[in-house]
There are 2 protein chains.
Amino acid sequence: MDNSTLGQAGIVIAGPYLLFLGDTKSILEAKTAAGLAEWRPELCLGQFRLSGSGVDLNLPEMTPIEAVKKGVKSMIVGIAPAGGAIAGQWITAIVEAIEAGLDIVAGMHSRLSAVPEIADAAKKHGVRLIDVRHSNNSFNTGTGKKRTGRRVLTVGTDCAIGKKYAALALEKAMKERGFNADFRATGQTGIMIAGRGVAIDAVVSDFIAGAAEWLSPDNTPDHWDVIEGQGSLYHPAYSGVTLGLIHGSQPDALVICHEPVRDHILSVEGYSIPDLRTFIDLSLTVAKITNPNVIPVGVSINTSRMTVEEVEKAVIEIEAETGLPCCDPIRHGAGKIADNMQKLFGK
Amino acid sequence: MDNSTLGQAGIVIAGPYLLFLGDTKSILEAKTAAGLAEWRPELCLGQFRLSGSGVDLNLPEMTPIEAVKKGVKSMIVGIAPAGGAIAGQWITAIVEAIEAGLDIVAGMHSRLSAVPEIADAAKKHGVRLIDVRHSNNSFNTGTGKKRTGRRVLTVGTDCAIGKKYAALALEKAMKERGFNADFRATGQTGIMIAGRGVAIDAVVSDFIAGAAEWLSPDNTPDHWDVIEGQGSLYHPAYSGVTLGLIHGSQPDALVICHEPVRDHILSVEGYSIPDLRTFIDLSLTVAKITNPNVIPVGVSINTSRMTVEEVEKAVIEIEAETGLPCCDPIRHGAGKIADNMQKLFGK
C-alpha cells in the first residue's frame with residue numbers, strides 16, 4: 001500500500017463512431033456493437049462489414065474513408081473474434097481505417113498493438129490504438145474525500161445479472177425526467193458506449209477505489225453519475241473489485257440488481273445467491289463506510305428466463321419484501337426507480 | 001470479469017540469504033532487513049555493507065563471493081533507497097553479487113531490471129532479478145472451492161497496525177505448541193521473510209481472490225496457513241484488496257488487529273476507526289460468504305504509543321468487550337491466541 005506509486009488507466013474515446021462488424025454471423029459475437037447502436041444511436045454514424053457478414057445493425061454502410069468525411073473519429077471493433085486472435089481479413093480492414101485517420105477501439109484479450117501491421121500503421125498515421133480491456137495511464141490510490149454532485153451505483157447479487165443495462169436504462173429514465181445524469185462505465189462495453197471509463201477489473205488492486213474516484217469526479221450539486229457496477233459482494237472471485245468500486249464511488253443511492261430465478265452464483269460451485277434483504281443490508285453496511293447517507297432506491301430484476309405471469313408476481317413480492325420499487329429495465333424501463341429518486345432526492 | 005485471462009504473480013525466493021545494507025545509516029530504512037534477521041535468523045547467513053554504513057544487524061560480514069561459498073543463494077536488498085532510485089555505489093555492489101552468482105531480491109518502486117548494468121549482468125550470469133513489489137507470473141480468477149487444511153488470517157481496523165507482525169508472532173507461538181503452521185506473506189517484507197508469497201496489492205483486481213487461493217493451497221488436514229492480512233475493510237482506499245484476500249483465503253479463524261489509541265484511519269481524512277464489536281461483526285459477515293464456519297480467535301493490539309499501565313487496562317477492557325484473548329505480540333508474544341486456537345480447534 002503506497003500513495004506514491006501509480007496504477008492503471010482511464011480511457012477516453014473520441015466520437016462519433018464507425019462500427020466494425022467484420023465477417024461475424026452471430027449477433028451474440030456482435031454484442032458490444034449492438035449495445036452501442038442501442039444506447040448511443042446518435043454516436044453510431046455507420047457500420048463497416050466484410051463480405052460474409054451475417055449481422056446487420058441497420059446503420060448506413062460506410063467505408064472508413066466515407067466515415068471520415070462524415071466526421072467519424074473512431075472505428076469500434078465491436079465484435080469478439082473467435083479464438084481471441086485478430087484474423088487476417090480483419091487486419092486489412094483495421095489498417096484501412098487507420099490509413100483513413102481513424103482511432104481504433106477494441107475490447108479483445110490480445111492488444112491491437114500486438115499485431116505488427118496494425119502497430120506500424122498506427123505509428124505512421126498518428127492515430128490511437130485503444131484497448132479498453134487494458135490501459136497504461138495512471139490512477140492514484142483512493143483518498144476517501146467527499147466529492148460534490150451525486151452518485152447512484154448498481155450492485156448485484158451476482159455477476160452478469162444486468163448491472164450495466166440497469167445503469168443505462170436508469171440514465172435514460174432520469175434524463176427523461178429532467179435529471180442532469182451521466183452513465184459512468186466500468187467495463188469494456190460500457191466504456192465504448194460512454195466513450196470514457198475504466199475497466200475496473202483490469203486495474204491493479206491497490207488502485208481500485210482511486211480509479212472509481214477518477215471515474216466520478218467533483219461535479220455540480222444537481223449532477224448524478226449513474227455508475228455501472230461490477231461483480232458482486234457475494235462472488236468469491238470478484239468481491240474485491242465490487243467493494244473497491246463501492247468505496248471509491250461513495251454512492252448516495254444503490255440500485256439492487258437481481259435475477260429472481262437464479263439460485264447459484266455464476267461460474268463457481270456451491271455458492272447460493274443471497275436473499276434480497278440480506279444482500280441489501282450488507283451492501284448498505286459497507287457502502288456507509290464511505291457515505292453514511294447512502295440509501296437503496298430500487299430493485300432492477302433480470303427476467304429473461306421468466307414468463308409474464310412470473311414477472312408480475314415477482315415484482316409484487318419483491319416490492320413487498322424490500323419496500324422498494326421493482327422493475328425489469330428491459331421489459332419496463334427504469335422509470336419507477338427514477339421516479340423514486342425524484343421523490344427521495346428532488347432533482 | 002473473465003476466467004480466461006490471467007493476472008500477476010506469485011514469488012518464490014531461494015534461500016539462504018545475504019542481506020545487503022548498502023550505506024544506510026538508518027535502521028528505519030533497513031526495516032526489511034531487520035525484519036528478516038528477526039524472524040528468519042536461520043536464513044540470514046551474513047550482511048554485506050558499504051563504507052559509510054551505520055546499521056549493524058550483528059550478522060557475519062560477508063562479500064558476495066564469500067557468501068556463495070557458504071551456500072547463500074540470494075542477496076536481499078533489504079533497504080529502501082532515499083528518493084526511490086538505486087544509487088551508483090549500490091549498483092556496483094549488486095553487480096558484484098550477480099557476478100558471484102546470486103539472485104537479487106528487492107522491494108523497491110523501481111525495478112532492478114530498469115538499471116541497464118544490473119539487467120545486463122543478470123542476463124550474462126543467468127541469475128534472477130526478483131522485484132517483490134512487481135511480478136509477471138500468472139494467477140487464475142478465484143474458484144471459491146473449499147481447500148483442505150486450515151487457515152488463520154489477520155484482519156485490521158486500519159492499515160499499518162501490526163497484521164504482519166501478529167501473523168509472524170502467531171506462527172511462532174503455534175509452532176512452539178506443536179502446530180504444523182506456516183506464515184503466508186502478502187506484502188513485500190513478508191515475502192522476503194517467508195521466501196515466497198504474493199504482493200497482493202500489486203495483483204490486477206480481477207485476480208485478488210485467485211492470488212489468495214494460490215497462496216494457501218490444499219494442505220494436510222492438520223496444517224495451518226497463517227496468512228498476513230492487508231489493508232482494512234474500513235480503509236476507503238484499500239478495502240477491495242482486503243475483501244479479495246479474505247474471500248480467497250477462506251479463513252477458519254480471524255485474528256483482529258487493532259491499536260487502542262488510534263482514532264482515525266491512516267493517510268485519509270475524516271474516517272474514524274470502527275469500534276471492535278462493529279469491526280468483528282462485519283469481518284465475520286463477509287468472511288462467512290466463503291467460509292460459514294469462520295470464528296474470531298483473538299485480538300492483537302499495537303501498544304507502541306501506550307504505557308505499561310495503559311496496556312494492562314486495554315487488555316482487560318478488550319477481553320471483556322469481545323470475549324477474546326487479547327495481547328500485544330511485541331510485548332507479550334501471541335501465546336494467548338495460540339492457546340485459544342488449541343482449545344477451539346485441537347491441533
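Owing to the predicted nature of the structure, the values given are computational and were not obtained by experimental measurement. Chain A is the first sequence line, chain B the second, and so forth, proteins listed ahead of strands; every chain is numbered from 1.
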ask   = Out of curiosity, Thr141(A) OG1 to Tyr238(B) OH, how far, rounded to the nearest 0.5 Å?
value = 4.0 Å
inquiry  = Tell me if the NZ atom of Lys146(B) is crowded by more than 12 foreign heavy atoms within 6.0 Å.
reply    = yes
message = What part of Ile208(A) gets within 4.5 angstrom of chain B, counting heavy atoms only: side chain, backbone, both, or neither?
response = side chain
note = Between Leu243(A) and Leu233(B), the two heavy atoms sitting closest are CD2-CD2, 3.9 Å
message = Out of Val268(A), Ile265(A), Ile289(A), return the one with the most heavy atom pairs under 4.5 angstrom to chain B.
response = Ile289(A)
ask   = Side chain, backbone, both or neither: which part of Gln250(B) has a non-hydrogen atom closer than 4.5 Å to chain A?
value = side chain
ask   = Does any heavy atom of chain B fall under 4.5 Å from the side chain of Thr285(A), the backbone, both, or neither of them?
value = side chain
message = Please rank Ala160(A), Pro236(A), Ser239(A), Ala209(A) by heavy-atom pairs under 4.5 Å with chain B and give me the top one.
response = Ser239(A)
task = Please check if the side chain of Tyr271(A) supplies one atom and the backbone of Gly144(B) the other of a donor-acceptor pair under 3.5 Å.
result = yes
inquiry  = Let's go through Leu282(B) and Leu282(A) carefully: what are the C-alpha distance in whole Å and the side-chain angles of both, what is the deciding distance for side-chain contact (heavy atoms from CB on, under 4.5 Å) to 0.1 Å, and is it a yes or a no?
reply    = CA-CA 9 Å; Leu282(B) 180 61; Leu282(A) 180 60; 3.8 Å; yes
ask   = Are there more than 12 heavy atoms of other residues, nucleotides or ligands under 6.0 Å from atom CD of Glu321(B)?
value = yes
inquiry  = Can a donor-acceptor pair be found, under 3.5 Å and without considering hydrogens, that links the side chain of Ser205(B) to the backbone of Val203(A)?
reply    = yes
ask   = Taking every heavy-atom pair that is under 4.5 Å apart, which of Ala212(A), Ser272(A), Gly240(A) has the most such pairs with chain B?
value = Gly240(A)
request  = Looking only at non-hydrogen atoms, find the nearest pair between His235(A) and His247(B) and report the distance.
outcome  = O-ND1, 4.4 Å
